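Everything numeric in this text was worked out from a predicted model, so none of it was measured.
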Amino acid sequence: MAASPAPSVLARMADLVRAMPAERGGALWRLAPEDRQLDANVVRLAPGAEVAAHVEPDLDVLVYVVNGNGELAAEDGRQPLAGGCVVWLPRGSRRGLSAGPHGLDYLTVHRRRPGMTIRSAPGSERAGDEPAGLLDRVCPACGRPAPEGVDVRFCARCGNRLPER
């Protein structure tokens, strides 16, 4: 029987936030151990940046605002966000985040998704056919696919800009 990982300090929030220039957005930290049940990220939205409104069909997400301010856009309106806010984003709900003039740093925690697999597109088994490419819908930073049928510009998981189409 393999030993379970030992509890440990993984990061210090103040160091993460200090390490990235305030005007630059993106993932500051990701939970890395392979054998885990959770995913967690610390994300910085640059001043004025946003995670476009979208629906996450599979996962509840808990957001803790570490630093800065902004807004949560939900079906029932907009709500202000500031350091110390804890937000629950239930699966199936429409949500978006936008950063205020000083940016927005936040921690997300949710159940880990199973890894992505690459398969051939249906009907592409004939010699010489290429499977349909969806790489413009996959975040280059964290690998999360963007929802289909929705025009999104930023990854809902880590906040990084998606490739241009």
* Spatial distance of atom CG (N67) from atom CG (L16) [nearest 0.5 Å] -> 11.5 Å
* Structure fact -> Output for pair (L59 CG, R112 CZ), nearest 0.5 Å, gives 12.5 Å
* Heavy-atom distance under 4.5 Å between the side chains of D60 and W88, does that happen here? -> yes
* Asked: Are L97 and L45 side-chain neighbours, meaning at least one heavy-atom pair lies under 4.5 Å?
  -> yes
* Asked: So how far is it from R12 CZ to W29 CH2, rounded to the nearest 0.5 Å?
  -> 13.0 Å
* Looking only at atom types and distance, does a side-chain atom of R44 sit under 3.5 Å from a main-chain N or O of V17, one as donor and one as acceptor? -> yes
* To do: Before giving the answer on salt bridge (Lys or Arg N to Asp or Glu O under 4.0 Å), spell out for E71 and R78 the whole-Å C-alpha distance, their side-chain angles and the decisive distance to 0.1 Å.
  => CA-CA 6 Å; E71 286 186 329; R78 300 181 84 72; 2.6 Å; yes
* Asked: Taking C-beta and beyond as the side chain, do S98 and L72 meet within less than 4.5 Å on heavy atoms?
  -> no
* Any donor-acceptor pair under 3.5 Å from H54 side chain to R95 backbone -> yes
* Do other residues, nucleotides or ligands put more than 12 heavy atoms under 6.0 Å from D15 CG? -> yes
* **Heavy-atom check, side chain of V86 versus side chain of L62, under 4.5 Å** => yes
* For residues V43 and D105, determine if any side-chain heavy atom of one lies less than 4.5 Å from a side-chain heavy atom of the other. => no
* Report yes if some heavy atom in the side chain of M13 is under 4.5 Å from a heavy atom in the side chain of V42; otherwise report no. => yes
* Do the side chains of L81 and V87 get nearer than 4.5 Å, heavy atoms only? -> yes
* To do: Could you tell me whether the side chain of D35 reaches within less than 4.5 Å of the side chain of P33, counting heavy atoms only?
  => no
* CZ (R91) with more than 12 external heavy atoms under 6.0 Å -> no
